[in-house]
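Presented below is the structure to which this report refers.
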Amino acid sequence: MIDFSRNHFALFGLPPRYRIDDAALDAAYRALQAEVHPDRFAGGTDAQRRIALQASARANEAYGALKGPVSRAQYLLSLHGVDAADEKDTALDFDFLERQLERREQAEEAQDASDVRTLESLHAAALAEARELEDALARELDREGADFAAAKPRVRELAFLVKLADDLDAMIAVLD
Amino acid sequence: MALLQISEPGETPAPHARKRAVGIDLGTTNSLVATVRHGLAVVLPDGEGRPLVPSIVRYGEEGVTTGYAAMARQSVDPHNTIVSVKRLMGRGLADLDDDRRFPYRFVDAPGMVRIATRAGVKSPVEISADLLRALRERAEVSLGGAVDGAVVTVPAYFDDAQRQATKDAARLAGLPILRLINEPTAAAIAYGLDNASEGVYAVYDLGGGTFDISVLRLSKGVFEVLATNGDAALGGDDFDHRVFCWIIEAGRLPPLSPADARLLLVKSRAAKEHLSEHDEAPIVATLSDGTRIDLTITRDIFTQISANLVAKTLAPVKRALRDARLAPAAVKGVVLVGGATRMPQVRRAVAELFGQPPLTNLDPDEVVALGAAIQANKLVGNREGNDDWLLLDVIPLSLGIETMGGIVEKIIPRNSTIPVARAQEFTTFKEGQSAMSIHVVQGERERVSDCRSLGRFELRGIPAMAAGAARIRVAFEVDADGLLEVSAREVTSGVAAQITVKPSYGLSDGEIARMLQESFAHASADMQARALAEAQVEADRVVDAVRTALAADGDLVDAAERADINEALAAVARLREGSDAAALRSATEALNRGTEPFAARRMDRGVARALTGRRVDALSD
């Protein structure tokens, strides 16, 4: 049987690191789908078709988890027994929170004033800060003897920023 | 990519004989059937050389007619001549925003609306099946035998109920359906393989009754749909209707009879089509009471009265680009699909949004059927030069379940690549609660009442536990056709329930069986012959698949397993010569089951092969 216990990184033959080679991930994903996709077994036996469905869905799940910077961080932490996606645990650094709440307020004012330019600069700032956090996470997680539990606040901050950027993007789309 | 190259005679690799595969575009206004012949995708025309089949079915005194024959009678017999049935697929009466637009006698039925005709009450599935049957027969005549496999296209924005209804119609028409694929994706296959393109493409597909926009990335033989959006009830029909309303206003006409209304709708469509080539179009007609209509509509007026329809297509385009995280300028080419994209005001709007003239080098009416034929040819196993390409499509609308307070909890978000499986845990909220009702919905809105209800089922027999102690795991699985199956299980006790989501809008398997039986009611001999033929086709397919697997990866079975498989194969071969359909079926099923572990090991080998990177090289050259 397909080894469903194999972790997402191993499934694509990639090292279990936060910094990921996007091109290698894409290529490995495509190569895997080329082998297991149900289209290859359209005329096959019921068993072949069912297994292909499961394997292909598994490949999609793994790819989705590794593709996004937040889901990849959460997944990497989960491999080390750290749950960074727990919705009940929402503690964030006070300074960070204050800065983001300020951004949210500015965004709402800009939205009310149909000020797309301000929204766009807030969006760019959120993305830039997210990128910095990704770099910090890569340094923190990809070193020898990394403390995965200690990285949890950064992962939550990254999730917060990515969500903020998405919301800003939606606001811009409505005004456009 | 060399898929469309002409292969030399005799080059078709043995041992398998070439199979008859067709792609079918089941459209709102017109339908087509296409196949791949000598390496080229071609539409199969009728005896008079006409490629299109008007999607019209007439239930006349003399029997069922379809296409042009039915079209000729539509104004005379509007109640029994069904046009645009695709708009009714998977829809209840309450879903139709304006049922007065249709001159039919609707019958409200649980799930899907029905139409009272001379031939009895018909569901949209049965009417579509009559169209598909006509297309199947055309293909059989043209290809010289029964169709081995068919791919039928659906609008990308079709929801689960509409997809299920389409698949049911294909089964009812006796088509061996390999896959449902999305219309814009089919168009991209026809375009992409033809032009060996790389990069991001948008497919703008405005059909007779549906609008789709898909954004795809073509890279190294992979067609990856990044996002799709649309409007499942917006198309060329609506532009006809605008002209129709204009005629009524300009001619100051009183309420019309169904026959007059249909006559003027036909005139409206003709005027719309004329305006794609000319600056003005005459509208001349005589109504049943002798009223004469003689009007002229200009392109400017038409552009004006249809402006908000064009605008309605642009919002989904922007949403799709946003979901794909792309700016319009990142799109390398825009492909136009669907007859309605011939309208100059549509082309202009698309060109403006993307800042480039759209691609129209393939016939917008035919391109979907051609792409479907290419996919069918591949799925059925006909090898055609380089067929190392792969299609990765998405679901158009989020899937979820109802939670407390009528709020939707999304389980699979829109634009997830299919197939996809995802599970979520819920809990009971009452002390000792023994059952849980699970309501499956589809849509983007937060409130259940704003989404489409796909089905309800119950998980019963949950052992008594404190509120919040039970762990109900609800699993969603969407297959490569985009069809959903939901199961639920209480984790601590293992109590389980499962449904294919179809009770509220699709037809039950029992209903399909009954309809199939009715169509053969006159001759039970026919029924038996058909059952046997179907069992034989299935047996051949499975035997073929097993032999192919053994030839490729025979080293994965040991001697004992090989002996068992050979025995199962021999049993099928023996019964294949007889006339006992049930026995043949169960032997085939035994072969199926007996090769399960082997199939799993083969899949593992595929995964290992992907890891070693051999396929990566194969895909990139």
Side-chain angles (χ1 to χ4, degrees), chain A residues 1-4 6 9-14 23-65 67-68 123 127 162 165-166 168-176, chain B residues 19 148-149 178-179 219-222 224 318-319 322 325 375 378-381 388 390-392 416-422 477-480 541-542 544-546 548-549 589 591-593 595-616 618-620:
Chain A
M1 195 52 209
I2 313 147
D3 188 2
F4 282 92
R6 182 157 27 197
F9 291 101
L11 192 66
F12 295 121
L14 295 168
L25 174 63
D26 287 355
Y29 167 68
R30 289 185 187 134
L32 186 58
Q33 285 293 15
E35 290 288 346
V36 304
H37 195 276
D39 281 1
R40 287 206 56 196
F41 303 90
T45 64
D46 291 350
Q48 286 172 345
R49 285 187 287 186
R50 203 183 52 249
I51 291 164
L53 173 65
Q54 287 167 352
S56 182
R58 170 81 174 83
N60 281 329
E61 181 200 351
Y63 181 65
K67 192 78 185 156
H123 183 246
L127 282 184
V162 168
D166 277 352
L168 286 165
D169 193 37
M171 289 180 190
I172 294 165
V174 170
L175 290 177
D176 255 355
Chain B
K19 297 209 170 105
D148 294 301
L178 294 165
R179 185 78 80 232
S219 173
K220 301 192 173 86
V222 178
E224 188 182 2
K318 289 178 187 160
R319 281 197 296 270
R322 201 178 92 77
R325 295 176 187 277
Q375 174 75 338
K378 180 181 148 100
L379 294 185
V380 85
D388 256 348
L390 181 69
L391 184 59
L392 298 170
S416 295
T417 305
I418 51 173
V420 55
R422 207 157 291 176
E477 187 178 77
V478 180
D479 65 16
R541 195 176 61 79
V542 173
D544 204 44
V546 170
T548 308
E589 185 44 40
L591 176 60
N592 244 326
R593 266 197 318 274
T595 52
E596 250 172 70
F598 174 40
R601 284 197 297 276
R602 285 194 78 213
M603 194 65 66
D604 239 359
R605 171 171 282 182
V607 174
R609 193 161 45 219
L611 278 173
T612 64
R614 265 196 283 159
R615 296 282 298 192
V616 184
L619 277 172
S620 58

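Just so it is clear, the structure is predicted and the values come from calculations on it, not from any experiment. Chain letters run A, B, ... following the sequence lines, proteins first, then strands; residues in each count from 1.
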Which distance, rounded to the nearest 0.5 Å, do you find between the [atom1] of [X] and the [atom2] of [Y]?
| X | Y | atom1 | atom2 | result |
| --- | --- | --- | --- | --- |
| A:Gln48 | B:Thr595 | CD | OG1 | 6.5 Å |
| A:Asp26 | B:Lys220 | CG | NZ | 8.5 Å |
| A:Phe41 | B:Met603 | CZ | CE | 3.5 Å |
| A:Asn60 | B:Ile418 | CG | CD1 | 9.0 Å |
| A:Ile51 | B:Arg602 | CD1 | CZ | 10.5 Å |
| B:Leu392 | A:Asp39 | CG | CG | 8.5 Å |

Q) Thinking salt bridges, do B:Glu596 and A:Arg50 make one under a 4.0 Å N-O criterion? A) yes
Q.
Please classify the contact between A:Ala170 and chain B as side chain, backbone, both or neither, with a heavy-atom cut-off of under 4.5 Å.
A.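 Both backbone and side chain.
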Of all heavy-atom pairs between [X] and [Y], which one has the smallest distance, and what is that distance?
| X | Y | result |
| --- | --- | --- |
| A:His37 | B:Leu391 | NE2-O, 3.6 Å |
| A:Gly44 | B:Ala545 | CA-CB, 3.7 Å |
| A:Asp46 | B:Asn592 | N-OD1, 2.9 Å |

Q. With B:Arg593, which residues qualify under side chain to side chain donor-acceptor pair (under 3.5 Å), at least two apart?
A. none
Q | Evaluation steps, side chain to side chain contact (heavy atoms under 4.5 Å, CB included), between B:Leu379 and A:Arg40 | A | CA-CA 7 Å; B:Leu379 294 185; A:Arg40 287 206 56 196; over 6 Å; no
Q) Would B:Arg322 and A:Asp169 satisfy salt bridge (charged side-chain N to carboxylate O under 4.0 Å, His left out), going step by step from the backbone distance to the final call? A) CA-CA 8 Å; B:Arg322 201 178 92 77; A:Asp169 193 37; 2.9 Å; yes
Q. Hey, which of B:Thr417, B:Val478, B:Leu591 has the most heavy atom pairs under 4.5 Å with chain A?
A. B:Thr417
Under a 4.5 Å heavy-atom cut-off, does chain A meet the side chain of [X], its backbone, both or neither?
| X | result |
| --- | --- |
| B:Arg179 | side chain |
| B:Val542 | both |
| B:Arg325 | side chain |

**Q.** Identified side-chain contact (heavy atoms from CB on, under 4.5 Å) partner of B:Leu390 from the options A:Arg30, A:Glu35, A:Gln33
**A.**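 Result: among A:Arg30, A:Glu35, A:Gln33, A:Gln33 is the only option passing the side-chain contact (heavy atoms from CB on, under 4.5 Å) with B:Leu390.
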Q: Kindly indicate, with the supporting measurements, whether the criterion side chain to side chain contact (heavy atoms under 4.5 Å, CB included) is fulfilled by B:Phe598 and A:Thr45.
A: CA-CA 11 Å; B:Phe598 174 40; A:Thr45 64; over 6 Å; no
**Q.** Between A:Leu32, A:Asp166, A:Leu53, the one whose heavy-atom pairs under 4.5 Å with chain B are most numerous
**A.** A:Leu53
